[in-house]
Every structure is written in C-alpha cells, then in structure tokens.
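Have a look at the structure below before the remarks.
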Amino acid sequence: MTDTFPLSTRHFSPTPPRESLLARGLEPFISGLWILYLLVSLLIAAVWTFGIGEGSLEKGISNPDLRATLVLLLAHADLGWITLAAANVYFSLAGSLGLATARRWALLILGSVIAFAWLSVAAGLPLGAIRYGAALGLKFGPVPLGLPLLWFSVIIGAREALVRCWPRLGHAALAAGVGGVALLTDLNLEPLAAKWRGYWFWQAASPALPPVFDPPITGSIAWGVLAAVIAFGLREREVVASTQKRGWKPVVVLAIFWAVFLAAHATHR
C-alpha cells in the first residue's frame, strides 16, 4: 500500500508536480514508518483485546528486569501507537495536498483540540469536569500530547474516507459527515479510554466521592460538533482530481482504530 509523495506545496495541478530530491530521500523513512505502525497496531490489538498488562506479565515472566522493561514499554505503547498513526497520516496528507496544506490543517486541528480540552478541564464545559491521566504522554498544561494527535488522525481519516466514497459531496455536507464519523468514533472509544486504558476520568460533584468513569453522551456530541467545525475549515482547491492520487493511509488508520476498539469491546463486555 503506497502513497504518492511529491512534497509539493500546490493543492492540485493539471500535471503531477516533479518529485523533489527531498521527497525521494524521505520515501524509505516513510515506508518504514508505515510498516512500524502496522506492527505496533498488532501489539496494541493484542494488548487491548487480551488484556496484556502488568498483572499478566508478573504471572508469565519470572525475570524482574525483563518484566520491568516490558511493563515500561506497555505503559507508553498507546502513545507510541497514536503518534505513529498521526505521523503516517501527516506524511500521506503532505504527499496528496502538499506540505503547506498539511501544516496548516495539522496546526488547525491540534490547536483546536488542545484549546477545546483545556477549556473543559478549566471550566467543566463542554466535556464536563474531565481530567486526563498519564497514559497519553506529556501534557500541554492539562492536555496530554496524545489527545490532539488522536483527533488529528480521526478527523483527517474521516474526511479522506468521505471524499473517496462521495467525491462530489458539498463542503458543508462533508464537514457534517466528518462530525458524524467523529461522534461515532468517540462513542466507540470513550468507555475503553476511561474504564480500561485510564486515558481520562471525570471529577465527581463532591470531593468526597470517587471519580467517575462513565462517559457522558454530551462529550461525544461535543467532539462531533468540534470535528464538524474543524472540517469546515479544511479547504482544498479541488476535491475531484484524476491527476492526483490521494493516499489511502489516513483511511486505513481510521479503520485500524475502529477494528481495535470493536475487538476490545467484544472481549471486555
């Protein structure tokens, strides 16, 4: 599965842009990054589906040093998986629409998600009194790095999937479709993220009460609305362009997310 990767700053052109030496030099790295993502996805699928973790490693591995190393790797596996997904989506987007568009879209999505989540932590709206754990990596204030990277992959993956299925879809309808896919993705992820992976939780109304791990439906709706608003700001000159091949990687990344989430639901029901 390959993506065209001329690092062109043009959106689309009548003839394919000439490939740069930089693009040619990056091709092996990008191919390797994709293979690494697929391999890590298999590991994550096993972890999420079969519950491989510190408890199971203590029973199966007697060597304390090896066990400690594996526990450390598993503790950061989710963040590594999400980061690899975002990197592959970004490079695929750059290859299809150009580096300028990829940078602009990435900054828009990452900045919007960080501001949205930060507001929720500070004010309790629109996601409720949410708090983020350490599983998604270092934090920008109260917001972990993995959260905007996750939503970058989901929003771009949803947009590319819809563009491929309905290339003549109007811009407003496309944005609404991205919002719908994002809402369904969040509904799929939320129970796992809160109860199983420890990504986030909600503070109870009283400090004397334990934290809440049951996700409110309003949070998923809020993410869907945000994704739709962001997608409305993602514009390209031409959606239908027979001379420019769009990469499949963002769509595959979104499909892998869904496959892992659904498998985890099936085994942890």
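What you see is a predicted model, and the numbers here were worked out from it, not measured in a lab. Basis for what follows: all heavy atoms, side chains included, without hydrogens, waters or symmetry-related copies.
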Compute the centroid of each ring, for Trp223 and then for Phe116, and state whether the two points are separated by less than 6.0 Å. yes
Close side-chain approach of Trp34 to Val252, heavy-atom, < 4.5 Å: yes
Could you tell me how the ring of Trp81 sits relative to the ring of Phe261: parallel (under 30°), tilted (30 to 60°) or perpendicular (over 60°)? perpendicular
Does the side chain of Ile155 reach to within under 4.5 Å of the side chain of Leu234, using non-hydrogen atoms? yes
Do you know the tightest heavy-atom contact between Gly219 and Leu127? O-CD2, 3.7 Å
Backbone N or O of Ala46 within a donor-acceptor pair of the Thr49 side chain at under 3.5 Å? no
With distance as the sole criterion, is a donor-acceptor pair present between the side chains of Trp48 and Asp78 under 3.5 Å? yes
In this structure, would Leu125 and Phe201 fall into the same cluster of hydrophobic residues linked by side-chain contacts under 4.5 Å? no
Indicate if Ile256 and Leu39 have the same hydrophobic cluster label, given that clusters are the connected sets of ILVMFWY residues with side-chain heavy-atom separations under 4.5 angstrom. no
Could you pull out all donor-acceptor pairs under 3.5 Å where a side-chain atom in residues 137-152 meets a protein atom, sequence neighbours excluded?
from: Lys139; atom 1: NZ; to: Tyr132; atom 2: O; distance (Å): 2.6

Heavy atoms, side chains only, cut-off 4.5 Å: are Glu190 and Trp200 in contact? yes
Arg164 to Trp248, cation-pi by 6.0 Å centre distance and 45° axis angle: yes
Any chance you could pull the hydrophobic cluster mates of Phe232, using side-chain heavy atoms under 4.5 angstrom and chaining through other members? none
Report yes if some heavy atom in the side chain of Glu236 is under 4.5 Å from a heavy atom in the side chain of Thr101; otherwise report no. no
Answer yes or no: is there a donor N or O on one side and an acceptor on the other, between the side chain of Ser96 and the main chain of Gly247, under 3.5 Å? yes
For the residue pair Asn88 and Leu84, what are the closest heavy atoms and their distance? ND2-O, 2.9 Å
Is there a donor-acceptor pair under 3.5 Å between the side chain of Ser120 and the backbone N or O of Ile130? no
Under the side-chain contact (heavy atoms from CB on, under 4.5 Å) rule, what do Val121 and Arg131 come out as? Steps first, then yes or no, please. CA-CA 6 Å; Val121 174; Arg131 297 295 183 269; 3.8 Å; yes
Residues Leu209, Ser206; criterion side-chain contact (heavy atoms from CB on, under 4.5 Å); working and verdict: CA-CA 5 Å; Leu209 297 175; Ser206 170; 4.0 Å; yes
Parallel, tilted or perpendicular: which fits the ring planes of His268 and Trp196, with parallel below 30° and perpendicular above 60°? tilted
For side-chain contact (heavy atoms from CB on, under 4.5 Å), just list the numbers for Arg159 and Leu174, CA-CA rounded to whole Å, side-chain angles, deciding distance to a tenth of an Å, and then say yes or no. CA-CA 7 Å; Arg159 188 182 190 278; Leu174 176 61; 3.9 Å; yes
I need the minimum non-hydrogen distance between Gly128 and Trp202, along with the two atoms involved. C-CD1, 4.1 Å
Assess whether side-chain contact (heavy atoms from CB on, under 4.5 Å) is satisfied between Glu160 and Ile156, documenting all intermediate values. CA-CA 6 Å; Glu160 289 299 300; Ile156 296 299; 4.2 Å; yes
